[in-house]
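Notes to accompany the following structure.
Everything quoted here is computed from the prediction, not taken from an experiment. In what follows, residues are counted from 1 in the order of the sequence shown. Counting starts at 1 for both ligands and their atoms, in listed order.
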Amino acid sequence: MELKWNYRTNVWPDWCPGCGNYGILTAVYKALEELQLDPSQTVIVSGIGCSSKIPHFVNVNGVHTLHGRAIPFATGIKIANPSLNVIVHGGDGDLLGIGAGHFVALGRRNLDIVVILHDNGVYGLTKGQASPTLPLGVRTKALPKPNVQQAVNPVLLALASGYTFVARSYAFDTPHLKNIIVQAIRHRGSALIDVLQPCVVFNDVFTAEYYRKVTYKLESDPSWDPYVRNPEEADEKRLKAMELALKLENKIPIGVFYANPYVPTFEDRLAESLKIYPQYNPANSPIERGKKPLMDKETLERVFSEFIVEVKE
Ligand SMILES: Cc1ncc(C[n+]2csc(CCOP(=O)(O)OP(=O)(O)O)c2C)c(N)n1
Ligand code: SF4
Ligand SMILES: [Mg+2]
């Protein structure tokens, strides 16, 4: 395959040797190369954490934002310019701790954004505190006592929130993760990929050796079909995906849990509700004419006239 664009930057990734983030970065490069995404039309948005350094290492547009706030940034970017490919990267603390409300809101909207969750069970950057995905009773290296909180199941939460593409993969199975990322980018709607990611410094329980033993691929089960082929089978397939997501005892499934292309995206709903949105979204609207702002009183009234409500006493 001819490589038209070098998606690698000159910035040397400074993660610890052996960190699962290297596998995720490699899979991202391979997915972008396969899709040949236009770098000028692609944005990676991250929060704060070891995982969130990723925009510095990928040669597309990037924004390294605030802890927990990658999804709201990405939402603004996508609504302002719906033609962009928007990919969010964040840690389990970032997306499911401080950013949990935004994580749920994205699923409810089904905005066409891919979320890649670096799931290492710890707050890596701040030295190994328990993250929202660390199970109850597990004691990792930096914890003085076993974890006293229940874990959030990212796949289950995404399914319950309305994400229309939900998958799990493993950081050091880069061909598998690359395939999932390609599918998630091609999908129209909110996509979550929960990536099991060893943190070699702070998580001595969920290690690469552990994941190698317990993970198995859904693709190897011919009876598993997560793809919704007509809207009538959506509920049943989502329920099956939820049941599977709950099974985490001795074996952890990786692969696609649910993919439903029939739910309208937020962009579609916005265009339905605000008729001028596709034509006059912020990215394709001039903001000034003759050095004067175009958003004068008359323009604002025209834009928002559809929303004026008369409240009768
Ligand atoms: C508003 C705010 N609260 C807390 C922090 C401190 N902080 C920085 S990174 C982080 C957690 C990182 O964990 P995670 O999101 O799982 O990413 P990882 O480092 O594991 O990849 C925290 C609590 C911050 N930077 N900003
Ligand atoms: S602390 Fe953990 S997550 Fe952070 S770079 Fe090191 S190994 Fe990776
Ligand atoms: Mg983490």
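Here Cys16 reaches atom 6 (Fe) of ligand 2: one of its N/O/S atoms is less than 2.8 Å from the metal. Among the atoms of Cys50, no N, O or S atom falls under 2.8 Å of atom 8 (Fe) of ligand 2.
Under 4.0 angstrom from ligand 1, there are no non-hydrogen atoms of Asn21. Residue Cys50 touches ligand 1 through backbone and side chain together, judged by heavy-atom distances below 4.0 Å. Under 4.0 angstrom from ligand 1, the non-hydrogen atoms of Ile98 all belong to its side chain.
With hydrogens left out, the protein atom closest to atom 14 (P) of ligand 1 is Gly93 N, 3.6 Å, a heavy atom. In this structure, atom 26 (N) of ligand 1 lies nearest to the protein heavy atom His67 CB, 3.3 Å. Of the protein's heavy atoms, Tyr123 CA, 3.3 Å lies nearest to atom 13 (O) of ligand 1. Protein heavy atom nearest atom 8 (Fe) of ligand 2, with residue, atom name and distance: Cys19 SG, 2.4 Å. Looking at atom 2 (Fe) of ligand 2, its nearest protein heavy atom turns out to be Cys199 SG, 2.3 Å. Protein heavy atom in closest approach to atom 16 (O) of ligand 1: Asp92 OD1, 2.6 Å.
Of the candidates Phe202, Tyr22, Trp15, it is Phe202 that places a heavy atom closest to atom 1 (S) of ligand 2.
The shortest separation from a heavy atom of Gln197 to ligand 2 is under 4.0 Å, placing the residue in contact.
A donor and an acceptor atom, one from each side chain of Thr164 and His187, are located under 3.5 Å apart. Between Thr133 and Asp119, the side chains place a donor N or O and an acceptor N or O closer than 3.5 Å (distance only, hydrogens not considered). Between the side chains of His89 and Ser46, no donor-acceptor pair of N or O atoms lies under 3.5 Å.
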* Given salt bridge (charged side-chain N to carboxylate O under 4.0 Å, His left out), test Glu288 with Lys292 step by step and report yes or no. => CA-CA 5 Å; Glu288 55 143 47; Lys292 286 201 178 130; over 6 Å; no
* Asked: Can you list the steps and then say if Tyr227 with Asp225 is a side chain to side chain donor-acceptor pair (under 3.5 Å)?
  -> CA-CA 6 Å; Tyr227 301 97; Asp225 177 14; over 6 Å; no
* Would you sort out whether Arg8 and Glu33 count as a salt bridge (charged side-chain N to carboxylate O under 4.0 Å, His left out), showing the intermediate values? => CA-CA 10 Å; Arg8 289 152 173 80; Glu33 281 161 13; 2.4 Å; yes
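Considering both main-chain and side-chain atoms, Asp94 comes within under 3.5 Å of ligand 1 through a nitrogen or oxygen pair. In terms of polar-atom proximity, Thr126 is not counted as a contact of ligand 1, lacking any N or O under 3.5 Å from an N or O of the ligand. Of the N or O atoms in Ser51, one or more lie within a sub-3.5 Å distance of an N or O in ligand 1.
For ligand 1, the atoms sitting less than 4.0 Å from at least one non-hydrogen atom of Val122 are 16 (O), 20 (O), numbered in the order shown with element in parentheses. For ligand 1, the atoms lying closer than 4.0 Å to a non-hydrogen atom of Gly124 are 13 (O), 18 (P), 19 (O), 20 (O). Close contacts between ligand 2 and Asn120 involve ligand atoms 3 (S) [criterion: under 4.0 Å to a heavy atom]. Atoms of ligand 1 found under 4.0 Å from any heavy atom of Leu125, numbered from 1 in the order shown, are 9 (S), 19 (O). Near Val200, with a cut-off below 4.0 Å to any heavy atom, the atoms of ligand 2 are 7 (S).
Asn281 places no side-chain N or O within donor-acceptor distance of the main-chain N or O of Asn81, the cut-off being under 3.5 Å. Checking side-chain atoms of Arg168 against main-chain N and O of Pro253 turns up a donor-acceptor pair under 3.5 Å. No donor-acceptor pair under 3.5 Å is formed between the side chain of Thr174 and the backbone N or O of Gly23.
Under 4.0 Å is where a charged nitrogen must lie from a carboxylate oxygen, and between Asp94 and Arg69 no such pair does.
Between Asp112 and the choices Arg269, Arg186, Lys78, the salt bridge (charged side-chain N to carboxylate O under 4.0 Å, His left out) rule is met once, by Lys78.
The closest side-chain heavy-atom distance from Leu244 to Leu218 is below 4.5 Å. Thr42 is not listed as a side-chain neighbour of Leu84, based on a closest heavy-atom distance of 4.5 Å or more.
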